[in-house]
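Order of the sequence lines fixes the chain letters, A, B, ..., with proteins taken first and strands second; residue numbering starts at 1 for each chain. Values reported hereafter were calculated over all heavy atoms of this structure, with side chains retained and with hydrogens, waters and symmetry mates removed.
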2 protein chains.
Amino acid sequence: MTMQAMQTARVVPMKKSDRTREEILRSAARLFRDRGYHASTLREIAQEAQIKAGSIYYHFGSKDEIIDEVLDLGLREVFNAVHAVMEADRDNPDHRARIGRAIREHLNLLVAHGEFTSANIRIYGQLPEDVRARHRPLRRQYAQLWEDLLSEARDAGAVRSDIEIVPLRQFLLGALNWTVEVFRPDRGSLDIHADRCMALVLDGISTGARNRL
Amino acid sequence: MTMQAMQTARVVPMKKSDRTREEILRSAARLFRDRGYHASTLREIAQEAQIKAGSIYYHFGSKDEIIDEVLDLGLREVFNAVHAVMEADRDNPDHRARIGRAIREHLNLLVAHGEFTSANIRIYGQLPEDVRARHRPLRRQYAQLWEDLLSEARDAGAVRSDIEIVPLRQFLLGALNWTVEVFRPDRGSLDIHADRCMALVLDGISTGARNRL
DNA sequence: CCTACCGATCGGTAGG
DNA sequence: CCTACCGATCGGTAGG
């Protein structure tokens, strides 16, 4: 197998059943995002994936298994990419630049994996508690990534010292996610979008905010 | 009937059927907010309102009629209150203060009518198109209120002239709604919360933003 | 406002 | 991966 073939194989899975499986997940993510979890039926998901309803159970054991994987796909790639950027920037003394690069990477991934991240953001609050519970550890891990970054920035004097880290992280990630949902920027306008978020959020944090977060 | 009685009558409806009707709406709003529209069944709504499922149809013709009224209640009172504040402030030359007061009133109402405004914010994106279409005129009206306020501020030089009004309004209202959903501030901390939003959002708009919105 | 019920549709399964 | 089907539950209705 040539290098070319191996790379292709990683992007477009070779086995047909794998491609169908991915199509089910992608269809499910789109429907979950647009109509919510309960309103999206397995019959609609199957139709979008161009198979019959009963055939979904060849690939997944239950609807819960599908939502679990959609949630996981939506966040894990964001986690890995942002984690990598933060690691590469570990010794940079410019904390504002570090935060900026993390923001940019976060937005990048949100746009790249549209269906899955959007579905995750939009429906998480409305899922049954047992589904949320299974997904929570990954959420906590990602939140911790940002809280560490912001803590270091605060300790270095780059962020106002009277701002609490947890609400700051909530506000920052919330604002970023919200803007992507509203603006749906294309790849070309992503840098502008990231700068805008930086300016609106970070300038407020570091110089403008009069009250404790 | 005394003045006292009349005022009481307006707050707590006298007829029992009116009170049941209100209880249905409030239960529906809570369930819609917490689980989404489709996941909230008429049977659950009825149970929360302490009546039997079939009895809902004594008060409402369909589930659609309930969601219509929940959406309307969630936004109309916000619209009226914010509109009144803007009118009272019409000739104030301090545009930053005008925007600040409008923000404060908006947040005030979001907190005051928690179930209905939260339900409106959270589930609107996932509703069937015909439900959204019926609710859209009121949404547009409220958006126009803010766009007028922001346009005047920009024309007076209080907001950067290279910022487009529509995206600015989307971002501002989106950020305000988001923070209320995340922080759920009590009445006591509302002023602090409003100031924080002012600082984070408005300082970015007027002095910090490098790029066009 | 309740009881008793309807047709439709859901998530899921058996057998191929 | 499909056909044919199950019990459960949904929004909604009839009759009181």
Side-chain angles (χ1 to χ4, degrees), chain A residues 12-71 119 123 126-132 134, chain B residues 12-71 119 123 126-132 134:
Chain A
V12 181
M14 303 195 71
K15 292 207 300 189
K16 192 184 169 199
S17 73
D18 285 350
R19 245 177 289 144
T20 301
R21 193 188 144 87
E22 277 197 11
E23 202 46 56
I24 293 171
L25 287 170
R26 197 175 305 275
S27 303
R30 264 196 301 266
L31 281 163
F32 291 159
R33 176 194 64 191
D34 294 338
R35 310 194 194 175
Y37 178 61
H38 285 91
S40 305
T41 67
L42 293 176
R43 282 161 174 82
E44 284 175 308
I45 293 169
Q47 196 176 5
E48 290 259 319
Q50 303 191 41
I51 57 174
K52 299 295 174 182
S55 307
I56 285 189
Y57 289 89
Y58 174 79
H59 299 277
F60 299 93
S62 68
K63 195 180 178 184
D64 272 11
E65 268 187 29
I66 298 177
I67 184 68
D68 283 346
E69 195 153 338
V70 167
L71 290 175
I123 68 175
Q126 296 178 345
L127 294 173
E129 171 53 26
D130 57 317
V131 177
R132 277 206 299 256
R134 285 194 296 274
Chain B
V12 181
M14 305 193 69
K15 292 206 299 186
K16 191 185 168 198
S17 72
D18 284 351
R19 246 177 290 143
T20 301
R21 193 188 143 87
E22 277 198 12
E23 203 45 56
I24 293 172
L25 287 170
R26 196 176 305 275
S27 303
R30 263 197 300 266
L31 281 164
F32 290 160
R33 177 195 64 187
D34 293 338
R35 310 194 195 176
Y37 178 61
H38 285 89
S40 306
T41 67
L42 294 177
R43 283 161 173 82
E44 283 176 307
I45 294 170
Q47 195 177 4
E48 290 260 318
Q50 303 191 40
I51 58 174
K52 298 296 175 182
S55 308
I56 285 190
Y57 290 89
Y58 174 79
H59 300 278
F60 299 92
S62 67
K63 195 180 178 183
D64 272 11
E65 270 187 28
I66 298 178
I67 184 69
D68 282 346
E69 196 152 336
V70 167
L71 290 175
I123 68 174
Q126 297 181 344
L127 293 173
E129 171 53 26
D130 56 319
V131 177
R132 276 206 299 256
R134 286 195 296 275

Just how far, in rounded Å, is [atom2] of [N] from [atom1] of [X]?
{"X": "A:His59", "N": "C:dG12", "atom1": "NE2", "atom2": "P", "answer": "16 Å"}
{"X": "B:Asp64", "N": "D:dC10", "atom1": "CG", "atom2": "P", "answer": "17 Å"}
{"X": "A:His38", "N": "C:dG11", "atom1": "NE2", "atom2": "P", "answer": "9 Å"}
{"X": "A:Leu31", "N": "C:dG11", "atom1": "CG", "atom2": "P", "answer": "11 Å"}
{"X": "B:Tyr58", "N": "C:dT3", "atom1": "OH", "atom2": "C1'", "answer": "17 Å"}
{"X": "A:Arg35", "N": "C:dC10", "atom1": "CZ", "atom2": "P", "answer": "11 Å"}
{"X": "A:Phe60", "N": "C:dT13", "atom1": "CZ", "atom2": "C1'", "answer": "18 Å"}

(Q) Any salt bridge linking B:Arg132 with B:Glu129? Criterion: basic side-chain nitrogen under 4.0 Å from a carboxylate oxygen. (A)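 Yes.
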Below 4.0 Å: OP1/OP2 of [N] and any side-chain N or O of [X]:
{"X": "B:Tyr57", "N": "D:dG12", "result": "yes"}
{"X": "A:Ser62", "N": "C:dG11", "result": "no"}
{"X": "A:Lys63", "N": "C:dG11", "result": "yes"}

Q: Check each residue of residues 40-51 of chain B for a non-hydrogen atom within less than 4.0 Å of any atom in DNA chain D, then write out the ones that pass by number, or none.
A: B:Ser40, B:Thr41, B:Leu42, B:Arg43
Q) What is the distance from atom CD of B:Gln47 to atom NZ of B:Lys52, rounded to the nearest 0.5 Å? A) 8.0 Å
Q.
Distance check, rounded to the nearest 0.5 Å: A:Tyr58 atom OH versus A:Thr20 atom OG1?
A. 9.0 Å
Q) For B:Glu65, does the CD atom have more than 12 heavy-atom neighbours from other residues, nucleotides or ligands under 6.0 Å away? A) yes
(Q) Tell me whether B:Arg35 at atom CZ has more than 12 heavy atoms from other residues, nucleotides or ligands lying less than 6.0 Å away. (A)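 Atom CZ in B:Arg35 is not crowded, with 12 or fewer foreign heavy atoms closer than 6.0 Å.
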Considering all heavy atoms of both residues, which atom of [X] and which atom of [Y] are nearest to each other, and what is their separation?
{"X": "B:Ser40", "Y": "B:Lys63", "answer": "O-NZ, 2.9 Å"}
{"X": "B:Leu42", "Y": "B:Ile56", "answer": "O-CD1, 3.3 Å"}
{"X": "B:Ala39", "Y": "B:Glu44", "answer": "O-OE1, 3.4 Å"}
{"X": "A:Ser27", "Y": "A:Ile45", "answer": "CB-O, 3.8 Å"}
{"X": "A:Ala46", "Y": "A:Ala53", "answer": "CB-CA, 3.6 Å"}

Polar pairs (N or O, both sides) under 3.5 Å between protein and nucleotides 14-16 of chain C?
none

Q | Any side-chain heavy-atom pair of A:Ile123 and B:Gln126 under 4.5 Å | A | yes
Q) With respect to the side chain of B:Lys52, which nucleotide from C:dT3, D:dT3, D:dC1 is positioned closest? A)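 The answer is C:dT3.
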Q: Can you tell me which stems DNA chain C forms, taking runs of 3 or more consecutive Watson-Crick or G-U pairs with both distances under 3.5 Å?
A: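 If one scans DNA chain C for consecutive Watson-Crick or G-U pairs, the stems found are C:1-16 with D:1-16.
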